[in-house]
Amino acid sequence: MPTAWFFLAQAQAPSPPGTERFDLTIFQRYWGSQTLIPVRWIVLALGLLMLMLASLAAYRWWRGWHSRSHPLVVFYHLARASGLGLSDQWLLHRIAHQQALPSPLTLMLSPRTLHRHARAYAAEQPPWRRVALMRRVLAIRRRLFGPWAPTDPQREAA
(Lines give C-alpha, C1' and ligand atoms only; values in the text may rest on other atoms or scores of the structure.)
Protein backbone atom coordinates (compact mmCIF):
# COMPACT_ATOMS: atom_id res chain seq x y z
CA MET A 1 0.00 0.00 0.00
CA PRO A 2 1.60 3.26 -1.05
CA THR A 3 2.09 5.84 1.67
CA ALA A 4 0.30 8.46 -0.44
CA TRP A 5 -3.01 6.66 0.15
CA PHE A 6 -2.47 6.94 3.88
CA PHE A 7 -2.00 10.70 3.65
CA LEU A 8 -4.97 11.10 1.30
CA ALA A 9 -7.21 9.21 3.73
CA GLN A 10 -6.17 11.55 6.53
CA ALA A 11 -6.55 14.68 4.41
CA GLN A 12 -10.24 14.11 3.68
CA ALA A 13 -12.39 16.51 5.67
CA PRO A 14 -15.35 15.10 7.56
CA SER A 15 -18.76 15.83 6.07
CA PRO A 16 -20.82 18.58 7.69
CA PRO A 17 -22.92 17.55 10.70
CA GLY A 18 -26.33 16.16 9.85
CA THR A 19 -25.35 14.98 6.35
CA GLU A 20 -23.49 11.84 7.31
CA ARG A 21 -25.01 8.43 6.88
CA PHE A 22 -25.61 6.15 9.85
CA ASP A 23 -23.02 3.48 9.30
CA LEU A 24 -19.86 2.15 10.85
CA THR A 25 -17.89 5.35 10.23
CA ILE A 26 -19.95 7.21 12.85
CA PHE A 27 -19.04 4.60 15.45
CA GLN A 28 -15.42 4.65 14.38
CA ARG A 29 -15.28 8.45 14.59
CA TYR A 30 -16.81 8.74 18.08
CA TRP A 31 -15.18 5.67 19.63
CA GLY A 32 -12.73 7.67 21.68
CA SER A 33 -14.40 11.06 21.47
CA GLN A 34 -15.76 12.98 24.45
CA THR A 35 -18.38 14.86 22.42
CA LEU A 36 -21.01 12.09 22.57
CA ILE A 37 -21.51 9.15 24.90
CA PRO A 38 -18.62 6.89 23.95
CA VAL A 39 -19.75 3.71 22.28
CA ARG A 40 -17.49 1.60 24.44
CA TRP A 41 -19.48 2.66 27.54
CA ILE A 42 -22.74 1.78 25.83
CA VAL A 43 -21.38 -1.62 24.82
CA LEU A 44 -20.03 -2.17 28.32
CA ALA A 45 -23.36 -1.21 29.94
CA LEU A 46 -25.32 -3.49 27.59
CA GLY A 47 -22.88 -6.32 28.25
CA LEU A 48 -23.24 -5.94 32.01
CA LEU A 49 -27.02 -5.79 31.69
CA MET A 50 -27.07 -8.99 29.63
CA LEU A 51 -24.74 -10.69 32.12
CA MET A 52 -27.02 -9.74 35.02
CA LEU A 53 -30.13 -10.96 33.19
CA ALA A 54 -28.46 -14.24 32.23
CA SER A 55 -27.27 -14.86 35.79
CA LEU A 56 -30.74 -14.06 37.17
CA ALA A 57 -32.35 -16.47 34.69
CA ALA A 58 -29.83 -19.20 35.55
CA TYR A 59 -30.43 -18.71 39.28
CA ARG A 60 -34.21 -18.90 38.87
CA TRP A 61 -33.89 -22.04 36.72
CA TRP A 62 -31.55 -23.69 39.24
CA ARG A 63 -33.77 -22.82 42.18
CA GLY A 64 -36.90 -24.05 40.41
CA TRP A 65 -35.27 -27.28 39.27
CA HIS A 66 -33.96 -28.14 42.74
CA SER A 67 -37.24 -27.36 44.47
CA ARG A 68 -39.07 -30.15 42.61
CA SER A 69 -38.65 -33.78 43.53
CA HIS A 70 -36.93 -35.91 40.90
CA PRO A 71 -37.09 -39.68 41.36
CA LEU A 72 -33.72 -40.29 39.72
CA VAL A 73 -32.00 -37.71 41.92
CA VAL A 74 -33.57 -39.29 45.00
CA PHE A 75 -32.50 -42.73 43.74
CA TYR A 76 -28.88 -41.67 43.23
CA HIS A 77 -28.73 -40.03 46.67
CA LEU A 78 -30.21 -43.11 48.36
CA ALA A 79 -27.98 -45.48 46.42
CA ARG A 80 -24.90 -43.47 47.29
CA ALA A 81 -25.96 -43.37 50.95
CA SER A 82 -26.47 -47.16 50.85
CA GLY A 83 -22.94 -47.62 49.57
CA LEU A 84 -23.74 -48.78 46.05
CA GLY A 85 -21.11 -48.07 43.44
CA LEU A 86 -21.79 -46.43 40.12
CA SER A 87 -21.84 -49.74 38.25
CA ASP A 88 -24.45 -51.12 40.67
CA GLN A 89 -26.53 -47.96 40.36
CA TRP A 90 -26.33 -48.23 36.59
CA LEU A 91 -27.37 -51.90 36.71
CA LEU A 92 -30.45 -51.03 38.80
CA HIS A 93 -31.23 -48.22 36.39
CA ARG A 94 -31.00 -50.58 33.38
CA ILE A 95 -33.19 -53.18 35.09
CA ALA A 96 -35.83 -50.56 35.92
CA HIS A 97 -35.76 -49.18 32.40
CA GLN A 98 -36.03 -52.60 30.74
CA GLN A 99 -38.86 -53.63 33.07
CA ALA A 100 -40.70 -50.31 32.45
CA LEU A 101 -40.67 -49.35 36.12
CA PRO A 102 -41.37 -45.71 36.95
CA SER A 103 -38.10 -45.37 38.85
CA PRO A 104 -35.19 -47.51 40.04
CA LEU A 105 -36.39 -46.64 43.56
CA THR A 106 -39.00 -49.36 43.07
CA LEU A 107 -36.23 -51.96 43.11
CA MET A 108 -34.99 -50.67 46.44
CA LEU A 109 -38.34 -51.16 48.19
CA SER A 110 -38.23 -54.90 48.82
CA PRO A 111 -35.90 -57.83 48.17
CA ARG A 112 -38.64 -59.72 46.34
CA THR A 113 -39.25 -56.88 43.91
CA LEU A 114 -35.54 -56.64 43.19
CA HIS A 115 -35.20 -60.40 42.69
CA ARG A 116 -38.28 -60.74 40.47
CA HIS A 117 -37.34 -57.87 38.15
CA ALA A 118 -33.69 -58.88 38.07
CA ARG A 119 -34.65 -62.43 37.01
CA ALA A 120 -36.87 -61.03 34.26
CA TYR A 121 -34.00 -58.79 33.14
CA ALA A 122 -31.52 -61.67 33.24
CA ALA A 123 -33.83 -63.81 31.08
CA GLU A 124 -33.31 -61.26 28.28
CA GLN A 125 -29.52 -61.50 28.57
CA PRO A 126 -27.25 -64.09 26.89
CA PRO A 127 -26.76 -67.29 28.95
CA TRP A 128 -23.09 -66.64 29.68
CA ARG A 129 -23.99 -63.35 31.34
CA ARG A 130 -26.92 -64.44 33.50
CA VAL A 131 -24.91 -66.02 36.32
CA ALA A 132 -22.61 -63.02 36.77
CA LEU A 133 -25.60 -60.68 36.61
CA MET A 134 -27.52 -62.54 39.29
CA ARG A 135 -24.39 -62.60 41.50
CA ARG A 136 -24.18 -58.82 41.22
CA VAL A 137 -27.88 -58.52 42.05
CA LEU A 138 -27.36 -60.77 45.09
CA ALA A 139 -24.50 -58.54 46.26
CA ILE A 140 -26.66 -55.43 45.74
CA ARG A 141 -29.50 -57.12 47.61
CA ARG A 142 -27.31 -57.96 50.60
CA ARG A 143 -25.95 -54.43 50.69
CA LEU A 144 -29.44 -52.88 50.56
CA PHE A 145 -31.39 -55.26 52.78
CA GLY A 146 -28.65 -56.78 54.91
CA PRO A 147 -27.40 -60.36 55.21
CA TRP A 148 -30.78 -61.50 56.58
CA ALA A 149 -32.48 -60.83 53.22
CA PRO A 150 -33.50 -64.16 51.69
CA THR A 151 -31.46 -65.21 48.69
CA ASP A 152 -34.33 -67.12 47.08
CA PRO A 153 -37.95 -66.01 47.55
CA GLN A 154 -39.29 -69.48 46.66
CA ARG A 155 -37.24 -71.10 49.43
CA GLU A 156 -38.61 -68.64 51.98
CA ALA A 157 -42.21 -69.25 50.88
CA ALA A 158 -41.90 -73.00 51.43
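Just so it is clear, the structure is predicted and the values come from calculations on it, not from any experiment.
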Nearest heavy-atom pair of [X] and [Y]: which atoms, and what distance?
| X | Y | value |
| --- | --- | --- |
| Ala123 | Arg130 | O-NH2, 3.3 Å |
| Leu107 | Phe145 | O-CZ, 4.1 Å |
| Pro104 | Ala96 | CA-CB, 3.7 Å |
| Thr113 | Thr106 | CG2-O, 3.6 Å |
| Met134 | Ala118 | SD-O, 3.9 Å |

Distance check, rounded to the nearest 0.5 Å: [X] atom [atom1] versus [Y] atom [atom2]?
| X | Y | atom1 | atom2 | result |
| --- | --- | --- | --- | --- |
| Leu114 | Leu138 | CG | CG | 9.5 Å |
| Gln89 | Met108 | CD | CE | 8.5 Å |
| Leu72 | Leu105 | CG | CG | 8.0 Å |
| Gln125 | Gln98 | CD | CD | 7.5 Å |
| Ser110 | Arg141 | OG | CZ | 8.0 Å |
| Gln99 | Tyr121 | CD | OH | 9.5 Å |

Evaluate Leu92 against Asp88 for side-chain contact (heavy atoms from CB on, under 4.5 Å), listing each step before the verdict.
CA-CA 6 Å; Leu92 291 177; Asp88 294 334; 5.8 Å; no
Exercise for the section: State plainly whether one hydrophobic cluster holds both Leu91 and Val74, where clusters connect Ile, Leu, Val, Met, Phe, Trp and Tyr through side-chain heavy atoms under 4.5 angstrom apart. Expected result: yes
query = Does any N or O in the side chain of Ser82 come within less than 3.5 Å of the main-chain N or O of Leu84, such that one atom is a donor and the other an acceptor?
reply = no
>> Any side-chain to backbone donor/acceptor pair from Arg136 onto Ser87? Under 3.5 Å, distance only.
In response: yes
Practice problem: Show the numbers, then the answer: is there a side-chain contact (heavy atoms from CB on, under 4.5 Å) between His93 and Tyr76? | Solution: CA-CA 10 Å; His93 186 34; Tyr76 288 125; 3.8 Å; yes
Exercise. Is there a side-chain contact (heavy atoms from CB on, under 4.5 Å) between Arg80 and His77 once you walk through the steps?
Worked result: CA-CA 5 Å; Arg80 193 176 319 128; His77 284 291; 3.9 Å; yes
Could you check whether atom CG of Leu53 has more than 12 heavy atoms from other residues, nucleotides or ligands sitting under 6.0 Å from it? yes
